[in-house]
Amino acid sequence: MEQERKNNMNGMEMEKGKRESGSRKGLELTMRVLALVLTMVAATVLGVAKQTKVVSIKLIPTLPPLDVSTTAKASYLSAFVYNISANAIACGYAAISIAVLMICKGRRSKGLLMAVLIGDLVMVGLLFSGTGAAGAIGLMGSQGNKHVMWKKVCNVFGKFCHQAAASVAITLIASIVFMLLVVLDAMKLP
């Protein structure tokens, strides 16, 4: 009788462990899809950011101002191009990792788990560096720099600056999602 009760308890514990493992896999899949969507949106928002304005330039005080059409695009700033590229790489990696983890559902080896963990760590570093680079240039555009006489440009190109700021914020959220994925991956290792 006692042995039968122990067997029932072991069966219930195993089922509970399977449920927890299944919910953790569901959480991981959800977070990977979220990372894919966030990085795709961040790259797209910054990639299509463009604004053209007519700016009056006064060369000599006695002459009338000269009106010049000026365009702000993400491709004009290397930090924004880097952020777009980092998001595109992370988006591609998220899609590949989702496919690999779906194909290898039940038979995840330690090597596969380690490869996914390292890939997630690389994406964390890549996205945080892209956020930092784009954020620094965005701050420069928003506030200018008195020491080198760089003027603010966000008061002229407001729409462009808002799109860049939104992309940087979305990239930061994607970085945090990948960081949480690293924690989940580390918990799976024996």
Output yes when a side-chain donor or acceptor of Asn83 lies under 3.5 Å from a complementary backbone atom of Ala79, and no otherwise.
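Judged by distance alone, no pair lies under 3.5 Å.
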Does the Ser129 side chain pair with the main chain of Gly125, one donor and one acceptor, at a distance under 3.5 Å?
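Pair found, side chain donor or acceptor close to backbone of Gly125.
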Which pair of non-hydrogen atoms, one from [X] and one from [Y], has the smallest distance, and what is that distance?
X: Ile84; Y: Ala74; answer: CD1-CB, 4.0 Å
X: Gly158; Y: Gln51; answer: N-OE1, 3.5 Å
X: Ile170; Y: Ala42; answer: CG2-CB, 3.7 Å

Rounded to the nearest 0.5 Å, how far apart are [atom1] of [X] and [atom2] of [Y]?
X: Leu112; Y: Met114; atom1: CG; atom2: CE; value: 11.5 Å
X: Asn145; Y: Lys151; atom1: CG; atom2: NZ; value: 11.5 Å
X: Ser167; Y: Leu172; atom1: OG; atom2: CG; value: 11.0 Å
X: Ile176; Y: Leu34; atom1: CD1; atom2: CG; value: 11.0 Å
X: Phe157; Y: Gln163; atom1: CZ; atom2: CD; value: 13.0 Å
X: Lys53; Y: Thr70; atom1: NZ; atom2: OG1; value: 11.0 Å

Less than 4.5 Å apart, any side-chain heavy atom of [X] and any of [Y]?
X: Ser56; Y: Leu66; answer: no
X: Leu126; Y: Tyr82; answer: yes
X: Phe178; Y: Phe128; answer: no
X: Ser175; Y: Thr131; answer: yes
X: Val124; Y: Met179; answer: yes
X: Lys50; Y: Lys159; answer: no
X: Asp67; Y: Val55; answer: no
X: Leu181; Y: Met123; answer: no

Audit row: Leu117, Val182, side-chain contact (heavy atoms from CB on, under 4.5 Å) steps and yes/no:
CA-CA 6 Å; Leu117 174 67; Val182 168; 3.7 Å; yes
Is Arg32 salt-bridged to Asp120, going by a charged N under 4.0 Å from an acidic O?
yes
Other residues, nucleotides and ligands only: do more than 12 of their heavy atoms fall within 6.0 Å of NZ on Lys146?
no
